[in-house]
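This report refers to the structure that appears directly beneath it.
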Amino acid sequence: MPEGPEMVFLKELAEPFVGQQVWEARGEAKGISFDRVKGQVLQDIKTFGKELFFCFPDFALRVHLMLFGKYSINGELNRVLQLGLVFEAGEINFYACDCRLLNAPWEDQYDWPTDVLHPAFDPEKALGKLLRSPGRFICDALLDQTLFAGVGNGLKNEVLFRQRIHPESQVGEIPASELRALIKATQALSAEYLEGKRHGEGEVHWQAYRQKICPRDRVPFLKAKLGKPPRSCYFCALCQRQYLPDW
DNA sequence: GGTTATGTTATTTC
DNA sequence: AGAAATAACATAAC
């Protein structure tokens, strides 16, 4: 479920509830006073990276699907309900996820344009932030939500493959032009996946992530846990260049 | 039954 | 104290 484009898509699915009053709020999520939510009018739905926010006048309900999160709109799943909101137009239910209540002014905690899908995402600003840690591996940097909110392990692998960059390349050794292209490709691929969701193309068509053979070189992808902390990387030893210091 | 996994955060360790 | 490693959590598929 949980990379940025999926969350924007979910936001769009839930948009019919905006402007409606919560008829019932329930679930097992700790730290949420469901009494406080009942009767409130949903003002807006926002996303930041992989986080989804149901915005009310004095607070927001934040949902993060983590690894195994599930949701159902106008239906129920056979699991422990974490958060369920019932409106006149229907209901939305969340399971196996992290749900929290954030008190106003909660929006100040987020640097919204850091989200690669935000209209104001600024590739140059991202490049500046990226270069502050020149010694880290690019596979780690791409997953850093303070740099590229919304990028998950799938997008990470895919964009590195597309740009022909080895995951264990050191940020400071990659030419700035390549980094710029990588950042723009990350933004573009996220938008492309969102557009695919909007057109009902269920699953994303991965070229590298979870794939066996490099479609360019017809050789097996290497699969390894790289980075700190280790995360699965799928990459081609032939076409993805590794940038490392000479010595 | 064991391993793996679209992710983050709390706790422990150095 | 603070950085870094480890554990924890939830769930389905192979």
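Residue numbers begin at 1 in each chain, while the letters A, B, ... track the order of the sequences.
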Whole-Å distance between B:dA5 C1' and A:Phe68 CZ?
6 Å
Would A:Ile92 and A:Leu10 count as a side-chain contact (heavy atoms from CB on, under 4.5 Å) if you check the C-alpha gap in whole Å, the side-chain angles of each, and the deciding distance to 0.1 Å?
CA-CA 10 Å; A:Ile92 184 161; A:Leu10 170 54; 4.2 Å; yes
Salt bridge or not between A:Asp58 and A:Arg36? Use side-chain N to carboxylate O under 4.0 Å.
no
For atom C1', what is the distance between C:dA5 and B:dT6, given to the nearest Å?
23 Å
Keeping to residues at least two apart or across chains, list the ring-ring contact (aromatic ring centres under 6.0 Å, His included) pairs with something in residues 14-44 of chain A.
A:Phe17-A:Phe87
Residue pair A:Val18, A:Ile45: steps toward the side-chain contact (heavy atoms from CB on, under 4.5 Å) verdict:
CA-CA 7 Å; A:Val18 172; A:Ile45 306 176; 3.8 Å; yes
Is A:Lys50 near enough to B:dT9 that one of its side-chain N or O atoms lies under 4.0 angstrom from OP1 or OP2?
no
Rounded to whole Å, please give me the gap between CZ in A:Phe48 and P in B:dG7.
15 Å
To the nearest angstrom, the CG-C1' distance between A:Leu65 and B:dG7 comes to 10 Å
For the side chain to side chain contact (heavy atoms under 4.5 Å, CB included) test, which of A:Phe161, A:Phe235, A:Tyr234 pairs with A:Cys214?
A:Phe161
If I pick the P atom on B:dT11 and the same atom on C:dA10, what distance separates them, to the nearest angstrom?
15 Å
Nucleotide B:dG7, atom P - distance to NZ of A:Lys156 in whole Å:
9 Å
Does the pair A:Glu3/A:Lys50 count as a salt bridge with the N-to-O cut at 4.0 Å?
no
Is there a side-chain contact between A:Arg231 and the phosphate of B:dT6, meaning an N or O under 4.0 Å from OP1 or OP2?
yes
Does the A:Gln240 side chain pair with the main chain of A:Ile165, one donor and one acceptor, at a distance under 3.5 Å?
yes
Looking at A:Asp115 and A:Gly49, would you say the former's side chain and the latter's main chain have a donor-acceptor pair under 3.5 Å?
yes
Go through residues 94-104 of chain A and report each residue with a non-hydrogen atom lying under 4.0 Å from DNA chain B, sorted by number.
A:Arg100
The criterion is ring pair (Phe, Tyr, Trp, His ring centres under 6.0 Å); which residues satisfy it with A:Phe59, sequence neighbours excluded?
A:Phe56
Nearest-angstrom distance from the residue atom CD of A:Gln82 to P of C:dC9
14 Å
Answer yes or no: is there an ion pair linking A:Glu91 with A:Arg26, defined by an N-O contact shorter than 4.0 Å?
yes
Less than 4.0 angstrom between a side-chain N/O of A:Lys225 and OP1 or OP2 of B:dA5, yes or no?
yes
Please report the distance, rounded to the nearest Å, between CG in A:Leu52 and P in B:dG7.
16 Å
Calculate the interatomic distance between A:Asn157 atom CG and B:dA5 atom P; express it in whole Å.
11 Å
Using the P atom as the reference point in each nucleotide, state the distance between C:dA7 and B:dT3 in Å, no decimals.
14 Å
For A:Gln242, all residues meeting side-chain contact (heavy atoms from CB on, under 4.5 Å), sequence neighbours excluded:
A:His166, A:Glu168, A:Ser169, A:Leu244
Tell me: CD of A:Glu3 to C1' of B:dT8, nearest whole Å?
14 Å
Per the under-4.0 Å heavy-atom filter, residues of residues 133-155 of chain A near DNA chain B come out as A:Gln145, A:Gly152, A:Asn153
Nearest-neighbour nucleotide for the A:Arg62 side chain, B:dT9, B:dA5, B:dT6 considered
B:dT9
In dot-bracket form, how is DNA chain C paired, counting a Watson-Crick or G-U wobble pair only if both its distances are under 3.5 Å and using | for bases paired to another strand?
.||||||||.||||
Heavy-atom count check: over 12 atoms from other residues, nucleotides or ligands less than 6.0 Å from A:Lys38 NZ?
no
